[in-house]
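Below you'll find the structure, written out as structure tokens, and then a few comments.
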2 protein chains.
Amino acid sequence: MGKKKKVTFSDIAKFTNFSKTTISRYFNDPDSITPENQQIISDALVKLNYQENKVARILANGKTEFIGIIIPNLYLHYYSEMLNQILCTYEQYGYKFLVFIGNENENTERQYIQELMAYQIEGLIVLSHTIPSKELADLKIPIVAIEREDLYISSVNTDNYSGARQAVQLLASHHCQIMLHINSPTKENIPAYGRISGFLDYCRENQIPHEMFIEDLGINDEDLHQKFTCILDQIQMKYPDKKKGIFISNDTYASVFLNLLIRRYGKLPDDFYLVGFDNSPISRQAVIPISTVGQQINKIAQESMKLLVGLMDSQKKRNPAPLSEPVHKTIPPLLILRDTTEKNIF
Amino acid sequence: MGKKKKVTFSDIAKFTNFSKTTISRYFNDPDSITPENQQIISDALVKLNYQENKVARILANGKTEFIGIIIPNLYLHYYSEMLNQILCTYEQYGYKFLVFIGNENENTERQYIQELMAYQIEGLIVLSHTIPSKELADLKIPIVAIEREDLYISSVNTDNYSGARQAVQLLASHHCQIMLHINSPTKENIPAYGRISGFLDYCRENQIPHEMFIEDLGINDEDLHQKFTCILDQIQMKYPDKKKGIFISNDTYASVFLNLLIRRYGKLPDDFYLVGFDNSPISRQAVIPISTVGQQINKIAQESMKLLVGLMDSQKKRNPAPLSEPVHKTIPPLLILRDTTEKNIF
DNA sequence: TTGTATGCGTTATCAC
DNA sequence: GTGATAACGCATACAA
């Protein structure tokens, strides 16, 4: 049995004694043909078992309805949940997504972008960090960046700065006497730097004693564990009698730190108050659920698509403006109170 | 400024005084033209800033290099990591992926499949459970199922049965006197049922006392917590003096159960031995790292692609066999020993 | 409301 | 080694 050829408009046209044009119109503007003829065509479609071919349609009308996504990885919950939310917007906008995993390699990502361009994507969502926004802007297609350097392109980010301030404010409201911030080295031009500046600004403005532990915390578990043990020792040495408010740059780290405390003291000591960042599952699943600055991933995804669709629509006009100035949107974080700060609950 | 038209083979042909055919050959069979002419064309490409158009190529040669993926969600680590691994095979095979989130709605997923077919996907990877394999087989395209009902289609699955046996064997080796299995209701025709049958078979064969707790464990955290509290109470009531080996159907549940124990007793009691399933991050990140039956997600992804690519290749032949009998591959799990069983470490 | 002719950008089939 | 020409399947002016 050979491979059966696909049914095309020609076949339907012959079968129904209409022209291909009429068949085309049946799909794109049904009301322009009589109801009876609609029915005839409709019947023919099922009788011939027609399957539409959008590739041909693309070539003819230029609209691929493809959006490219370049995302660093999916093992961090933040990224996989963001992708989840973005993909789900298909229901709303109908755009299909071509997804590439960045893998932190600049040239590989350039190749991915070429591939995406070859498939005539109408827009691009970038979460990976490697390629400078200047270069991305040169692609001359609508682009939205999420939580990365975004000088030359539009973007949607969590308000990291205000999130950090809220975290410290929460710790201050529990009368913590010394504020500690644990983070890895962060460039000033990416949104996450707001977690550092927000911490510093709030402490300074309110004259609260504070210290930062900025360290490359490694990737593997042992490294992480060792670094945190070291940091904990320092903290206990320097501030033995003070009520400590600790703001940690993400929930994964916060959980490691919490586990360290639990295993050392059998419980979260009374003079330790913890706040993480992200509201990732681990913050809920921890032995003692961790208070955290929650990123509203669904809203970020929504806003990104809204922004991107807007840009793409304006490109479809007869006189597409030369991709106007970048727009930067900001989504407020949500402070989530759990047991590492709300101890009165016990 | 109007929208500048894209550069096509025609433009390059005019510019270089070759024919479109030669330009095409430059891309698809460079050695069929002289090196000098290759250079001329190459120069013209950069001079004109040519961007290839794969959509036109698809229409002409029929090969989309698209693979469709339907996956239930991305908030479960198992799925997001699987998607991660699948997407990364782009480097190896060059196939591009169109990803849809299933959302557990049968008709929605049917729609997604129609959309994928319209984009002429060459193959399909299905992780969602809603559509029966019988119906999928009727699509007449290469399909690989992962960890779902797979009677009529090819599949790659973890050897759940052997995994469960290994778990119980591990618990037995630590002289647990009563084996407990906690799981939610599972249909017999999906691979995960092996976790139940493996548990039962091993216990029966070795005449080990055992009990199963099969309960719909709900979705939200409170439900889960309450159900597990109830189960723990039962266990303590029934088997107060026995060394308990508990095999839990996944790491998320295992972590909830562990946290319950820690919060109640301040530590993992000496007579409790725990084994989870999946080797998801939570099993490492738990206060006490959880022993688990690790799924080799990377291997599953690799095997799935290998299988699918094989099926797709055989479809491209002149006489494509009518999609032969389904092939079912099985990937062995990896038993991972951590602190919830290896207590001698303390 | 319907049909004709042409175009979308590439590949494939022949020629030469 | 290179070129002319016809597909590929659909959309869209323009005509009727």
Side-chain angles (χ1 to χ4, degrees), chain A residues 3-42 44-45 48-66 115 117-122 316 318, chain B residues 3-42 44-45 48-66 115 117-122 316 318:
Chain A
K3 70 170 54 175
K4 45 183 177 295
K5 277 180 196 149
K6 310 229 165 167
V7 179
T8 73
F9 281 12
S10 283
D11 302 316
I12 305 169
K14 261 173 228 155
F15 188 85
T16 57
N17 288 322
F18 287 112
S19 69
K20 293 197 292 180
T21 313
T22 303
I23 310 302
S24 173
R25 270 195 275 265
Y26 171 83
F27 287 97
N28 298 309
D29 186 13
D31 292 336
S32 68
I33 57 187
T34 67
E36 304 87 57
N37 291 344
Q38 284 187 39
Q39 190 58 49
I40 293 173
I41 296 175
S42 171
L45 291 182
L48 298 178
N49 186 28
Y50 172 74
Q51 306 248 48
E52 55 179 335
N53 183 337
K54 292 218 180 179
V55 175
R57 179 199 176 100
I58 292 172
L59 192 59
N61 75 4
K63 300 184 194 313
T64 59
E65 298 183 336
F66 281 147
E115 183 84 341
M117 296 300 284
Y119 277 96
Q120 315 293 101
I121 53 169
E122 296 184 33
K316 285 174 190 161
R318 50 183 66 253
Chain B
K3 70 170 57 176
K4 45 184 176 296
K5 277 176 195 155
K6 307 228 169 170
V7 179
T8 74
F9 281 10
S10 283
D11 302 317
I12 305 168
K14 261 173 227 155
F15 187 82
T16 58
N17 288 321
F18 287 113
S19 68
K20 292 195 295 179
T21 313
T22 303
I23 309 302
S24 173
R25 269 195 275 264
Y26 170 83
F27 286 97
N28 297 310
D29 187 12
D31 292 337
S32 68
I33 57 187
T34 67
E36 304 84 59
N37 289 346
Q38 284 188 38
Q39 189 59 50
I40 292 173
I41 295 175
S42 171
L45 291 181
L48 298 179
N49 185 29
Y50 171 75
Q51 306 249 47
E52 56 178 336
N53 183 339
K54 294 217 178 179
V55 175
R57 179 198 179 105
I58 294 173
L59 190 59
N61 76 1
K63 299 183 195 315
T64 58
E65 299 184 333
F66 282 146
E115 184 83 342
M117 297 299 284
Y119 278 97
Q120 314 294 100
I121 53 169
E122 297 184 33
K316 286 174 189 162
R318 51 184 63 251

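Protein chains get the first letters and strands the later ones, always in sequence-line order, with residue 1 at the start of each. These numbers come from the heavy atoms of this one structure, side chains and all, not from hydrogens, waters or symmetry mates.
- Ring centroids of F9(B) and F27(B) are separated by less than 6.0 Å, placing the two rings close together.
- Residue contacts for D29(B): at a heavy-atom cut-off of 4.0 Å it reaches no nucleic acid atom on any strand shown.
- Applying the salt bridge (charged side-chain N to carboxylate O under 4.0 Å, His left out) test to K20(A) and every residue at least two apart in sequence or in another chain returns nothing.
- Residues V55(A) and K63(A) each lie close to DNA chain D; by heavy-atom proximity, the contact nearer the 5' end of the strand is made by V55(A).
- T64(A) places a side-chain N or O within donor-acceptor distance of the main-chain N or O of Q120(A), the cut-off being under 3.5 Å.
- Using modelled atom types, no side-chain atom of E52(B) and backbone atom of A118(A) make a donor-acceptor pair closer than 3.5 Å.
- At the heavy-atom level, D11(B) lies nowhere under 4.0 Å from the strands shown.
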Sugar-phosphate or base contact per nucleotide [nucleotides 8-16 of chain C; S, B, -; heavy atom under 4.0 Å]: BBBBB----
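- Annotation: Y119(B) is not in aromatic contact with Y119(A) [ring centroid separation under 6.0 Å not met].
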Stepwise ring pair (Phe, Tyr, Trp, His ring centres under 6.0 Å) check, Y50(B) with F15(B): CA-CA 12 Å; Y50(B) 171 75; F15(B) 187 82; over 10 Å; no
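- Bounding nucleotides for the chain B contact on DNA chain D, 5' to 3', at a heavy-atom distance below 4.0 Å, are dG1(D) to dG9(D).
- Between the side chain of Q38(A) and the main chain of Y26(A), no donor-acceptor pair closer than 3.5 Å is present.
- For the pair N28(B) (side chain) and S24(B) (backbone), a donor-acceptor distance under 3.5 Å is present.
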